[in-house]
Amino acid sequence: MTEIERKFLLKNTDFLKEKTGKRITQGYLTTDKERTVRVRIKGEKAFLTIKGKSNDSGLSRYEWEKEIDLEEAQQLLLLCLPGVIDKTRYEIPIETHTWEIDIFHGENNGLTLAEIELQSETESFSKPEWIDKEVTGDKRYYNSYISEKPFCEW
């Protein structure tokens with residue numbers, strides 16, 4: 001399946017005060033330029049995800065994901081490269097889309113990103129008032145990048 005997503009920085013997170021997020025822990029088994037292999041625990045569920053290289057615009061890339069046993073994911077995290085990511089994700093529905101807001105913790109504390117998945121690269125969507133600069137295609141904001149070069153080192 002092809003994943004099409006756009007990423008943005010946020011002006012503020014005031015709109016999240018009354019919302020509940022889910023804690024996510026994720027690590028990378030490989031961050032090769034052609035593909036990443038990720039293990040993620042989100043709440044009580046776990047996933048193994050393989051993502052291909054992004055296209056030139058950074059909007060699209062192949063993604064394969066499978067739910068796996070939580071205990072297996074915890075074991076796989078022990079095999080991951082250094083730099084396991086810790087974040088809280090909030091899902092905010094707006095019109096026909098759901099914005100995913102990630103508040104990072106640990107070495108990436110202070111980084112907050114919003115993502116929206118689309119059906120096509122040209123699909124239109126409404127930008128909420130809290131959306132700031134677009135960072136789609138900027139590799140510094142890829143989770144695989146910040147697992148190696150955390151936000152606190154920028």
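The model shown is predicted, which means the values in this text are computed figures rather than measured ones. Here, residue 1 is the first one in the sequence, and each next residue gets the next number.
Remark: E123 pairs with H97 by the side-chain hydrogen bond (donor to acceptor under 3.5 Å, both in side chains) rule, at least two apart or across chains. When the side-chain hydrogen bond (donor to acceptor under 3.5 Å, both in side chains) test is applied to E95, the partners found at least two apart in sequence or on another chain are S126. In terms of the side-chain hydrogen bond (donor to acceptor under 3.5 Å, both in side chains) criterion, residue partners of K17 (sequence neighbours excluded) are, by chain and number, D14.
The structure places CD of E3 at 5.0 Å from CD of E117, a figure rounded to the nearest 0.5 Å. Atoms CZ and OH, from R140 and Y145 in turn, are 7.5 Å apart once rounded to the nearest 0.5 Å. Taking CD1 of I131 as the reference point, atom NZ of K11 lies at 9.0 Å (rounded to 0.5 Å). Here L48 contributes atom CG and E67 contributes atom CD; the two are 12.0 Å apart, rounded to the nearest 0.5 Å. To the nearest 0.5 Å, the span separating CE on M1 from CH2 on W64 amounts to 12.0 Å. Taking CD of E63 as the start and CD1 of I4 as the end, the distance is 11.5 Å to the nearest 0.5 Å.
Ring pair F8/F125 is perpendicular by interplanar angle, where above 60° counts as perpendicular and below 30° as parallel.
Annotation for E44: atom CD does not count as buried by contact number, only 12 or fewer foreign heavy atoms lying within 6.0 Å. Annotation for K53: atom NZ does not count as buried by contact number, only 12 or fewer foreign heavy atoms lying within 6.0 Å.
Residues L16 and W130 share a single hydrophobic cluster, defined by chaining ILVMFWY side chains whose heavy atoms lie under 4.5 Å apart. In terms of hydrophobic clustering, with Ile, Leu, Val, Met, Phe, Trp and Tyr side chains grouped at heavy-atom distances under 4.5 Å, Y141 and I146 are assigned to a common cluster. In the hydrophobic clustering of this structure, L77 groups with I68; members are Ile, Leu, Val, Met, Phe, Trp, Tyr whose side-chain heavy atoms approach within less than 4.5 Å, directly or through other members. Note on I41: it clusters hydrophobically with L76, by side-chain heavy-atom contacts below 4.5 Å among ILVMFWY residues. Both I50 and V39 are members of a single hydrophobic cluster when ILVMFWY side chains are connected at heavy-atom separations under 4.5 Å.
S60 and T2 get closest at one heavy-atom pair: CB-CG2, 4.0 Å. Scanning both residues, D32 and E34, for their nearest heavy atoms gives OD1-N, 2.7 Å. For the pair I101 and A114, the tightest heavy-atom approach, listed with the atom from each and the gap, is CD1-CB, 3.5 Å. Closest of all the heavy-atom pairs between T112 and I103 is CG2-CD1, 3.2 Å. Residues S57 and E121 share a closest heavy-atom pair of OG-OE1, 3.7 Å. Minimum interatomic distance between R6 and L59 (heavy atoms only, all atoms of both residues): CG-CD2, 3.1 Å.
Sorted by first and then second residue, the pairs that involve residues 104-116 and meet salt bridge (Lys or Arg N to Asp or Glu O under 4.0 Å), not counting sequence neighbours, are K7-E115.
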Going by atom type alone, with no hydrogens or angles, which donor-acceptor pairs under 3.5 Å involve a side-chain atom of residues 147-154 and a protein atom two or more places apart or on another chain?
{"unit_1": "S147", "atom_1": "OG", "unit_2": "S144", "atom_2": "O", "d": "2.7"}
{"unit_1": "E148", "atom_1": "OE2", "unit_2": "T31", "atom_2": "OG1", "d": "2.4"}
{"unit_1": "W154", "atom_1": "NE1", "unit_2": "K149", "atom_2": "O", "d": "3.1"}
{"unit_1": "W154", "atom_1": "NE1", "unit_2": "P150", "atom_2": "O", "d": "3.4"}

Pairs under 3.5 angstrom only: tabulate donor-acceptor contacts from the side chains of residues 78-90 to other protein residues two or more places apart or in another chain.
{"unit_1": "D86", "atom_1": "OD1", "unit_2": "R23", "atom_2": "NE", "d": "2.7"}
{"unit_1": "D86", "atom_1": "OD1", "unit_2": "R23", "atom_2": "NH2", "d": "3.4"}
{"unit_1": "D86", "atom_1": "OD2", "unit_2": "R23", "atom_2": "NH2", "d": "2.8"}
{"unit_1": "K87", "atom_1": "NZ", "unit_2": "D102", "atom_2": "OD2", "d": "3.0"}
{"unit_1": "K87", "atom_1": "NZ", "unit_2": "N143", "atom_2": "OD1", "d": "3.2"}
{"unit_1": "T88", "atom_1": "OG1", "unit_2": "H105", "atom_2": "NE2", "d": "2.7"}
{"unit_1": "R89", "atom_1": "NE", "unit_2": "D102", "atom_2": "OD1", "d": "2.7"}
{"unit_1": "R89", "atom_1": "NH1", "unit_2": "E100", "atom_2": "OE1", "d": "3.4"}
{"unit_1": "R89", "atom_1": "NH2", "unit_2": "D102", "atom_2": "OD1", "d": "3.4"}
{"unit_1": "R89", "atom_1": "NH2", "unit_2": "D102", "atom_2": "OD2", "d": "2.9"}

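With respect to the salt-bridge test (charged N to carboxylate O, under 4.0 angstrom), the residues K42 and E65 do not qualify.
Side-chain contact of R38 with T49: a donor-acceptor pair under 3.5 Å is present, judged by distance alone. Between the side chains of T36 and Y142, not a single donor N or O lies within less than 3.5 Å of an accepting N or O.
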| request: Would you check, one step at a time, whether the test side-chain contact (heavy atoms from CB on, under 4.5 Å) holds for K19 with I92? | output: CA-CA 9 Å; K19 308 287 185 193; I92 311 295; 4.1 Å; yes
| said: Apply side-chain contact (heavy atoms from CB on, under 4.5 Å) to residues I94 and I116 and explain how you reach the verdict. | reply: CA-CA 10 Å; I94 296 179; I116 185 170; over 6 Å; no
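Using a 4.5 Å heavy-atom cutoff, the side chains of L113 and F104 are in contact. The side-chain heavy atoms of D132 and L10, taken from C-beta on, include no pair separated by under 4.5 Å.
Between the N108 side chain and the L111 main chain, no donor and acceptor come within less than 3.5 Å of each other.
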